[in-house]
Amino acid sequence: MANEKATLEGTMAITDEGWWESVLAEEHRYSGANLRGAASKPEVRKEAEKESAGGERPVDWRLIKDLYMNDRIVELAVTGHNRGGLLVEGGGLFGFVPFSHLIELAGKEEQQRSQNLEPFVGRTLRLKVIECVPEDGRVVFSERAAQSEPGKRAELFLSLHAGQRARGTVTNVTDFGVFVDLGGVEGLIHISELSWGRVTHPSQYVKLGGAIDVQVLDLAPERCRVALSLKRLMPNPWENATAEFPIGSVHNATITSVLSYGVFARLDQFGVEGLVHASEIDRAEGLALKDFLFDGQSVQVRVLHLDPSHHRLGFSMRLH
């Protein structure tokens with residue numbers, strides 16, 4: 001019981017405010033979810049400039065919180081779009097609808113977004129609030145969530161708890177993590193919580209629309225956030241690293257990245273990755289690593305360096 005408590009306290013430590021802020025900063029960077037001045041329509045940008053000059057129109061945060069906590073549906077007009085989705089407003093509400101939360105566009109490729117979003121401008125959508133952060137001026141709506149019955153979110157927040165295993169559907173895969181619908185509540189698996197090894201991109205581990213099991217790390221209903229983990233459903237290989245893959249041991253591995261200075265390889269049995277520096281790879285003079293090594297290639301490696309506390313491994317492809 002004591003070990004379980006310590007583990008849960010450890011998971012809470014990684015979801016502090018700094019962690020969330022870094023996630024949100026990355027999300028803004030990649031989704032373009034800036035609610036003012038980011039739309040592609042000139043009239044929307046003009047309106048944003050007018051607001052900046054004369055002060056922003058007041059947003060009814062009490063109403064937004066009420067809509068979220070009571071899982072209510074609201075109808076809003078689409079005023080514009082950017083590369084990440086739609087801008088909507090109405091009745092003191094302003095917000096953003098991510099591309100992945102539009103029913104008609106489910107499964108469409110990213111390069112098709114701009115042309116597919118333009119016809120939405122001027123339409124009215126039935127939406128639910130799925131995220132709201134007043135201090136950031138951030139409100140995110142979902143058309144897809146509005147298909148579920150009202151009150152479902154409140155029930156889920158009451159039933160969920162940190163450390164719990166849950167099942168959901170992948171709704172969006174971004175450079176910084178994966179969004180998962182738990183049946184009315186959407187959570188985020190940050191890229192650092194996908195695997196105990198190095199993650200090049202989240203698409204390595206999940207597929208859009210696929211079902212997935214996760215562990216709940218943290219719940220913050222008052223801030224409309226749920227933090228999730230995939231890797232914590234699996235044993236942490238770093239805890240027994242010195243016994244399982246000690247310095248000098250040889251293992252089967254798979255190359256995951258070929259770079260100018262070496263290759264990254266994942267130990268097949270344990271799922272952790274390490275670097276094989278170019279100096280530890282035999283090759284003919286003048287031959288580049290990419291000329292004879294490739295992603296997915298099976299190799300054998302010998303452990304040269306091991307630092308479990310920092311999750312670091314160094315390999316050699318010279319086995320003796």
Side-chain angles (χ1 to χ4, degrees), residues 6-8 10-16 18-20 22-23 26-27 30 162-182 186-218 225-246 249 251-259 262-276 293-301 303 305-315:
T7 299
L8 288 180
T11 64
M12 296 293 284
I14 69 156
T15 57
D16 61 13
W19 187 86
W20 274 115
S22 69
V23 170
E26 287 182 279
E27 184 176 356
Y30 289 109
Q164 177 183 347
R165 187 187 187 106
R167 190 165 181 80
T169 302
V170 176
T171 58
N172 199 13
V173 181
T174 73
D175 289 353
F176 60 87
V178 177
F179 289 91
V180 179
D181 182 4
L182 300 177
E186 191 163 68
L188 170 68
I189 310 174
H190 189 259
I191 189 171
S192 62
E193 287 296 321
L194 284 168
S195 171
W196 292 110
R198 190 179 66 97
V199 179
T200 304
H201 193 274
S203 58
Q204 292 176 282
Y205 294 87
V206 300
K207 183 179 180 181
L208 186 64
I212 187 174
D213 288 323
V214 295
Q215 182 183 99
V216 178
L217 287 184
D218 189 24
R225 296 173 180 171
V226 182
L228 304 172
S229 176
L230 181 62
K231 73 181 186 182
R232 292 172 193 273
L233 294 178
M234 301 170 281
N236 182 355
W238 296 104
E239 291 181 351
N240 299 310
T242 53
E244 298 284 4
F245 39 94
S249 59
H251 303 271
N252 294 323
T254 301
I255 293 176
T256 57
S257 296
V258 180
L259 307 167
V263 302
F264 280 96
R266 181 179 60 248
L267 296 185
D268 296 338
Q269 184 178 354
F270 306 103
V272 296
E273 290 190 25
L275 174 67
V276 188
L293 297 174
F294 54 89
D295 292 1
Q297 183 176 354
S298 295
V299 295
Q300 280 198 313
V301 296
V303 179
H305 311 287
L306 175 60
D307 183 357
S309 62
H310 294 94
H311 296 188
R312 291 175 183 166
L313 266 174
F315 297 133

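No experiment lies behind these values; they were computed from the predicted model shown.
Residues N172 and V178 form no side-chain contact, since every pair of their non-hydrogen atoms from C-beta on lies 4.5 Å or further apart. The shortest side-chain heavy-atom distance between D295 and T256 does not fall under the 4.5 Å cut-off. Side chains of Q204 and V199 form a contact here, defined as non-hydrogen atoms less than 4.5 Å apart. Using a 4.5 Å cut-off on side-chain heavy atoms (C-beta onward), D175 and P202 make no contact. The shortest distance between side-chain heavy atoms of T174 and F179 falls below 4.5 Å. Under the 4.5 Å side-chain criterion, counting only non-hydrogen atoms from C-beta, L228 is in contact with L182. Contact check for V216 versus V214: no side-chain heavy atoms found under the 4.5 Å cut-off.
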Check: So S309 and D307, side chain to side chain donor-acceptor pair (under 3.5 Å) or not? Walk me through it.
Finding: CA-CA 6 Å; S309 62; D307 183 357; 2.9 Å; yes
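Going from atom OG of S229 over to atom CG of D218 covers 12.0 Å, rounded to the nearest 0.5 Å. Atom NZ in K231 sits 12.0 Å away from atom CD1 in I189 (nearest 0.5 Å). The distance from atom CZ of F294 to atom OG of S257, rounded to the nearest 0.5 Å, is 14.0 Å. Taken from CD in Q215 to CD in E193, the straight-line distance is 8.5 Å, to the nearest 0.5 Å. Atom CG of L275 sits about 11.5 Å away from atom CZ of R312, to the nearest 0.5 Å.
Residues meeting the side-chain contact (heavy atoms from CB on, under 4.5 Å) test with H311, sequence neighbours left out: W196, W238. Listed by chain and number, the residues in a salt bridge (charged side-chain N to carboxylate O under 4.0 Å, His left out) with D213 are R165, R167 (sequence neighbours excluded).
Across all their heavy atoms, H251 and F245 have their closest contact at NE2-CB, 3.4 Å.
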Side-chain donor-acceptor pairs under 3.5 Å in residues 264-271, sequence neighbours left out?
{"unit_1": "D268", "atom_1": "OD1", "unit_2": "T254", "atom_2": "N", "d": "3.4"}
{"unit_1": "D268", "atom_1": "OD1", "unit_2": "T254", "atom_2": "OG1", "d": "2.7"}

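None of L230, I212, L188, T171 except one satisfies the side-chain contact (heavy atoms from CB on, under 4.5 Å) rule with V180; the exception is I212.
Not one N or O on the side chain of K207 forms a donor-acceptor pair closer than 3.5 Å with the backbone of V170.
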